[in-house]
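Okay, structure first, notes after.
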Amino acid sequence: MPTQGVRVIEFQSVTKRYADGTVAVDSLDLTIDAGRITVLVGPSGCGKTTSLRMINRMVEATSGTILVNGEDIRAQRPATLRRGIGYVIQNAGLFPHRTVIDNIATVPVLLGTKKAAARRRAEELLDTVGLPRELGKRYPAQLSGGQQQRVGVARALAADPPVLLMDEPFSAVDPVVRDDLQEELLRLQSELGKTIVFVTHDIDEAIKLGDKVAVLRVGGELAQYDTPATLLAKPVDDFVASFVGRDRGYRALGFLSAHGAEVVPLSTIPLGSPVDEARAALTGGWGVVVDENQAPLGWVSTSSLSTVEGELRSADLVAGGSLYVADSPKSGSLRTALDAALSSPSGVGIAVDSGGAVTGGVTAESVLKALDEARRSGEVPS
Ligand SMILES: Nc1ncnc2c1ncn2[C@@H]1O[C@H](COP(=O)(O)OP(=O)(O)OP(=O)(O)O)[C@@H](O)[C@H]1O
Ligand SMILES: [Mg+2]
């Protein structure tokens with residue numbers, strides 16, 4: 001990762017008291033890692049936006065110190081500081097009377113880049129955020145919510161700042177688009193290596209995006225600052241436990257590799273096999289029917305084959321069950337393995353290699369055993 005542009009951000013005992021006496025942030029100590037996504041999460045009014053805006057001095061701290069790359073931000077002119085910090089908000093905050101391209105090019109032009117060069121760069125940024133260049137000529141109102149949000153991200157990236165602050169950028173779009181935008185952000189981050197501080201009140205979004213997650217409680221106190229896996233496995237108190245949710249144990253499985261779960265042999269039966277052969281090949285009353293590449297097509301069982309004659313056809317198969325990849329080091333998580341076992345009509349989840357060929361099966365029992373072993377070895381705090 002390039003060291004130039006790396007920006008570590010440090011809150012040292014930072015308090016914000018607004019003029020009316022509201023303490024929005026209370027003695028916050030937080031170190032935000034360079035080149036990572038740090039998520040601030042917590043209920044409405046807990047001081048997320050205030051904390052974020054103190055980083056670029058849109059809000060001035062009442063006491064305490066904020067360092068960016070080791071330098072006190074009060075020693076820097078806000079305009080200079082903000083040049084290195086992109087800012088993305090909900091509903092994108094685009095200028096309605098400027099085209100998409102001009103929206104993206106605004107800051108570089110203000111900073112002295114020639115208009116033609118800034119526009120060329122803006123077009124490249126449309127590619128970066130996954131939008132077709134044709135959209136550049138439109139006005140924000142002529143875009144969908146998700147497209148506007150992508151333009152907002154492109155605009156924040158235009159001056160190539162090492163730091164991006166994002167305040168609930170995806171909360172106004174529907175869940176499907178939101179999921180796309182989250183995936184896109186993870187992809188962008190892996191390519192660009194920005195230091196991203198992301199605010200949300202949605203714990204699922206926090207856990208999906210954050211390398212580390214800071215949970216704040218109302219009154220602006222930091223309740224816990226940890227990796228998503230630790231947050232789920234070991235919440236420090238009842239507030240965090242209830243905030244991360246009741247199914248946190250199940251979600252924690254998402255952070256453990258399924259590599260540890262035992263894969264048992266499964267009978268695989270080529271489509272088109274004689275039904276008699278298929279019956280003879282079943283283990284425990286079940287078998288997986290595969291295509292010529294050993295990819296799974298569905299299940300057959302003693303009872304599903306009881307009325308079938310001749311050769312095995314697609315119509316004879318019992319559908320259902322998710323798959324998981326058991327092909328170290330590309331293994332899926334224990335959660336995908338458990339899901340495969342629980343969703344399978346046979347109770348055995350189908351394990352495939354990264355090419356999609358069946359390698360065996362996994363039971364819920366073996367997933368739980370792997371979890372237990374991970375706990376014993378200290379891989380997850382119990
Ligand atoms: N300009 C202001 N003057 C006075 N109080 C303010 C001001 N801005 C925010 N507050 C108060 O500070 C506290 C924290 O607000 P902040 O906007 O930082 O919360 P938040 O966590 O971002 O909330 P939300 O999830 O609703 O966006 C709240 O009690 C809020 O009412
Ligand atoms: Mg807010």
Side-chain angles (χ1 to χ4, degrees), residues 9-32 37-66 68 73-74 78 81-82 85-94 145-146 148-149 152-153 155-156 163-175 177-178 181-182 185 195-210 212-226 228 231 235-245:
I9 300 166
E10 224 177 313
F11 285 79
Q12 295 178 339
S13 197
V14 173
T15 293
K16 175 61 189 182
R17 186 189 311 267
Y18 284 108
D20 66 357
T22 307
V23 177
V25 177
D26 192 4
S27 316
L28 180 64
D29 287 303
L30 192 67
T31 300
I32 289 166
I37 302 180
T38 299
V39 179
L40 308 183
V41 69
S44 184
C46 70
K48 304 180 293 294
T49 296
T50 301
S51 301
L52 199 70
R53 289 179 166 215
M54 285 194 286
I55 297 171
N56 65 4
R57 293 188 62 183
M58 287 168 76
V59 170
E60 297 285 355
T62 311
S63 62
T65 303
I66 299 175
V68 174
I73 58 171
R74 278 170 305 201
L81 178 71
R82 284 174 206 156
I85 303 179
Y87 188 56
V88 186
I89 55 172
Q90 189 181 331
N91 293 320
L94 301 175
Q148 290 181 28
Q149 220 49 70
V153 173
R155 189 176 63 172
V163 175
L164 267 187
L165 308 180
M166 308 183 81
D167 194 351
E168 309 226 19
F170 307 150
S171 58
V173 294
D174 70 65
V177 174
R178 187 171 191 174
L181 290 169
Q182 290 168 345
L185 183 69
T195 303
I196 296 179
V197 190
F198 190 105
V199 162
T200 179
H201 56 259
D202 176 356
I203 187 69
D204 289 313
E205 184 165 72
I207 283 179
K208 178 169 175 187
L209 296 179
K212 283 184 93 179
V213 177
V215 182
L216 302 173
R217 61 177 115 235
V218 174
E221 275 174 48
L222 181 63
Q224 186 166 0
Y225 184 41
D226 264 312
L231 212 59
V236 289
D237 60 20
D238 290 348
F239 166 74
V240 179
S242 74
F243 196 75
V244 297

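Indexing begins at 1, ligand by ligand and atom by atom, following the structure's order. Just so we're clear, the structure is a prediction, and the values are computed from it rather than from any experiment. By convention here, the first residue in the shown sequence is residue 1.
- In terms of protein heavy-atom proximity, atom 2 (C) of ligand 1 is closest to Tyr18 CD2, 3.5 Å.
- An N or O contact shorter than 3.5 Å is missing between Ala24 and ligand 1 by distance.
- Considering all non-hydrogen atoms of both residues, Leu222 and Asp29 come closest at CD2-O, 3.5 Å.
- In terms of protein heavy atoms, atom 28 (C) of ligand 1 is closest to Gly45 O, 3.7 Å.
- Here the options are Lys48, Glu168, Glu205, the test is side chain to side chain donor-acceptor pair (under 3.5 Å), and the partner is Thr200; only Glu205 passes.
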Q: In sequence, state the C-alpha distance, the side-chain angles, and the governing distance for Leu52 and Tyr87, and then conclude on side chain to side chain contact (heavy atoms under 4.5 Å, CB included).
A: CA-CA 10 Å; Leu52 199 70; Tyr87 188 56; 4.1 Å; yes
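- Under 4.0 Å from ligand 1, the heavy atoms of Asp20 that appear belong solely to its side chain.
- Looking at Met54, Arg53, Lys48, it is Lys48 that brings a heavy atom closest to atom 25 (O) of ligand 1.
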Q: Please assess Ser63 against Arg17 for the test side-chain hydrogen bond (donor to acceptor under 3.5 Å, both in side chains), listing each intermediate value before the final yes or no.
A: CA-CA 9 Å; Ser63 62; Arg17 186 189 311 267; over 6 Å; no
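- The closest heavy-atom contact to atom 29 (O) of ligand 1, among the options Thr22, Val199, Leu40, Val23, comes from Thr22.
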Q: Quick one: do Arg178 and Gln149 satisfy side chain to side chain contact (heavy atoms under 4.5 Å, CB included)? Show the steps, please.
A: CA-CA 10 Å; Arg178 187 171 191 174; Gln149 220 49 70; over 6 Å; no
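- Listed by number with element, the atoms of ligand 1 under 4.0 angstrom from any heavy atom of Thr50 are 15 (O), 16 (P), 18 (O).
- Here the heavy atom of the protein found nearest to atom 26 (O) of ligand 1 is Ser44 OG, 2.5 Å.
- Those atoms of ligand 1 that come under 4.0 Å of a heavy atom in Cys46, given as number and element, are 19 (O), 21 (O).
- In this structure, atom 17 (O) of ligand 1 is in close contact with the protein, since a protein heavy atom lies within 4.0 Å of it.
- Remark: ligand 1 atoms within the under-4.0 Å shell around heavy atoms of Glu168 are 25 (O).
- The shortest non-hydrogen separation linking Val14 to Ala61 is CG1-CB, 3.8 Å.
- An N or O contact shorter than 3.5 Å links Thr49 to ligand 1 by distance.
- Looking at every heavy atom in both residues, Val39 comes nearest to Ala206 through CG1-CB, 3.6 Å.
- Counting backbone and side-chain atoms alike, Thr49 contributes an N/O/S atom closer than 2.8 Å to the Mg ion (ligand 2).
- Put simply, the side chain of Ile55 reaches to within 4.5 Å of the side chain of Phe11, judged on heavy atoms.
- You'll find the side chain of Arg217 reaches within 4.5 Å of the side chain of Asp237, heavy atoms only.
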